[in-house]
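Report on one structure; see the data block that follows.
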Amino acid sequence: MLSYIAKRLLLAIPTLLLVAVAVFLLIRLIPGDPAQVMLGEGADAASLAALHHDMGLDHPLPVQFAAWFGHALSGDLGHSIVTGEPVASMILQRFQLTAIIVLVAVLLATLIAVVAGLVAAWRRDSIIDLAVVGSASIVLAVPSFWLGLVLLLVFGLKFGWLPVVGYVPFSESAAQAALFLILPIVTLTLTQSGVLTRMMRASSIDVLRQEYITHARAKGLAERVVLSRHVFPNAFAPTLTLVGLSLGHLLGGIAVLETVFTLPGLGRLMVDSILARDYPVVQGCLLFTAFVYVVVNLLIDICYPLLDPRVTTQ
Amino acid sequence: MTGPAIHRLPLNAILGTALVGLLVAAILIGLFWMPYGPIAIDLDHPLAPPSWAHWFGTDQFGRDVLSRAMLGARISTSIALGTVVVAISTGTCVGLITGFLRGWTDRLLMAASDAILAFPGILLALALIAVLGSSRSSIILALSIAYLPSVARVVRSAVLSIREREYIEASRVAGDGTIYIVLRHVLPNALPPVVVLATSLFGWVVLAESALSFLGVGVPPPAPSWGNMLSDARPYMEAANWLSIVPGFCIMGTVLGVNLLGDALRDWLDPRGET
């Protein structure tokens, strides 16, 4: 078990290094002087020279990378060109909101997927199965931002039950903040549940075919027990992997939803800074989201043997 | 144990063919005829609701929504097809090389694909487009880079199991070269999962392109794509809801149709497996 964890940790290091190289090189892909690119058109000569020195542009690329990566490791991601704020604190501030939405939505979507997928597999080819597969397929085909817009139109504008624009931070009023988050969370839960339900259903069907299920039924176990004790633990592992993949991706991927619901999250920060050509922020966000993705999937990999002890022996 | 076999009807094949047929028809008809010019401005009739003159109404500049949706179908589909072709062909090459050769090439290329996969696809594409500039070809390039690793992984895992089969051993014993074996025996056997993946990929790209256009870095206006039509429709959500409903259903119908066809294809290629 320990060697398994150690191996997973070691495998994550080259990935993180390559991620950092990619983020570093992205800015160099833009034609022109990187310092000029970072500071924008209207930069004065003094700050340009200062940044030249900071970025070590007179040194060879590997040295520049080492300096930049060293700063990043110590939590210094540079300063925003637009506001002058430190990038790291901007990211952490925006990250909370996005993390709450993503965590709650993925948790709810997983619950829906496990129940719906298990039942659909158990009653395969029945009306219930058809309904589950059908709604999962539809949900998979709906653009999340469009679903968000439609929900806003119905519950925000038509019925007036929920606020339409803006956001109140949790620190000011938790109840108000929760009201603003209902629609984004519902939208994300719905769009995520499609793919997770399909995965859960497919792996449950596979498990239901196994001989130990026939054996469990032959023992006279109630169907409820067969499903919860034998099918669920075995069928859940692939779904959990998918949960990990979507958790990491959604941190940046919900940028579109944050745009629809005008929420100041991490994805929105990234989109705004791309549009404003605020490259230090872009770099910081990319590095941060990729880092979270690798860490989340590392954690899931480490939890995996708890579900399926065979993994460690491979 | 199982109820009536409703699902056994090739429902997904029928529905999928119907939806994709509708898309293809809209594109083909649009090549020769559209009710109005899709970028023709008519300031006398802005935000006109659906009527006999304008089946799907008009937008804030009086442009006919049906004509724009038809041209949008052509543009969105050509971007999706382009991305699928680029991502599938390069991804298959990478998957074949890494899966069959193993060793350091495999480790290096797989580490690189892990690194790409660590970025949220949409944001990676967004950053690349910001660097490359906003155009249809840079959207295709950016989305191809974002989706290439998934293709390479699927091909690689198929190749890993194929290379252990007896017929590969037999071909090697018979004195065939590596390139011949890969092209003649490995590639054809690795193709079925790739074909199924291509259909899902098409759906993902349609959604991703619409999201990029919605964020304002997709297809540059005045050319319509379903995504930028939705983006334009946002201020008129309440006053002119047909502006948001039409492109939304276009995207949904297209992705649903292609996904259903993909499901039917998978059942047909691999009747036993569900995964």
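In what follows, chains are A, B, ... by sequence order, proteins preceding strands, each numbered from 1. FYI, side chains are in, hydrogens and waters are out, and symmetry mates aren't considered; it's all heavy atoms of this structure.
Rounding to the nearest 0.5 Å gives a distance of 9.0 Å between CD1 of A:I274 and CD1 of B:I129. Interatomic distance, A:D272 CG to B:L215 CG, rounded to the nearest 0.5 Å: 9.5 Å. Atom CG of B:N259 and atom CZ of A:R198 lie 7.0 Å apart (nearest 0.5 Å). For the atom pair B:L260 CG and A:L140 CG, the distance stands at 10.0 Å (nearest 0.5 Å). The CG atom of B:L126 lies 11.0 Å from the SG atom of A:C285; values are rounded to the nearest 0.5 Å. To the nearest 0.5 Å, atoms CG (A:L149) and CD1 (B:I245) are separated by 11.5 Å.
A 6.0 Å sphere centred on CZ of B:R136 holds no more than 12 heavy atoms belonging to other residues, nucleotides or ligands. Counting non-hydrogen atoms of neighbouring residues, nucleotides and ligands closer than 6.0 angstrom, the CZ atom of A:F291 reaches no more than 12 such neighbours.
A:V142 touches chain B through backbone and side chain together, each having a heavy atom under 4.5 Å away. Interface remark: B:F214 contributes side-chain atoms only to the contact with chain A (heavy atom separation under 4.5 Å). Contacts between B:V217 and chain A at a heavy-atom distance below 4.5 Å involve the side chain alone, from C-beta outward.
Chain A forms the most heavy-atom pairs under 4.5 Å with one residue out of B:I122, B:I116, B:L207, B:V258, and that residue is B:L207. Contacts with chain B were tallied for A:L275, A:L153, A:V21, A:T289; A:L153 has the most, counting heavy-atom pairs under 4.5 Å. Chain A forms the most heavy-atom pairs under 4.5 Å with one residue out of B:I251, B:V206, B:T254, and that residue is B:I251. With chain B as the partner, the residue from A:L152, A:L287, A:T15 showing the most heavy-atom pairs under 4.5 Å is A:T15.
Between A:L18 and B:A112, the shortest heavy-atom contact is CD1-N, 3.6 Å. Across all their heavy atoms, A:A141 and B:V255 have their closest contact at CA-CG1, 3.6 Å. Annotation for A:T262 and B:R234: closest pair CG2-NH2, 4.3 Å, computed over non-hydrogen atoms. Nearest heavy-atom pair, B:A118 versus A:V19, reported as atom, atom and distance to 0.1 Å: CB-CG2, 4.0 Å. Nearest approach of A:Y279 to B:A130, heavy atoms of both residues: OH-O, 4.4 Å.
The aromatic rings of A:W146 and B:F249 stand perpendicular to each other, their planes meeting at an angle above 60°, with 30° marking the opposite boundary.
You'll find the side chain of B:S244 stays beyond 4.5 Å of the side chain of A:V150, heavy atoms only. A 4.5 Å side-chain heavy-atom check between A:L11 and B:D114 finds every atom pair outside the cut-off.
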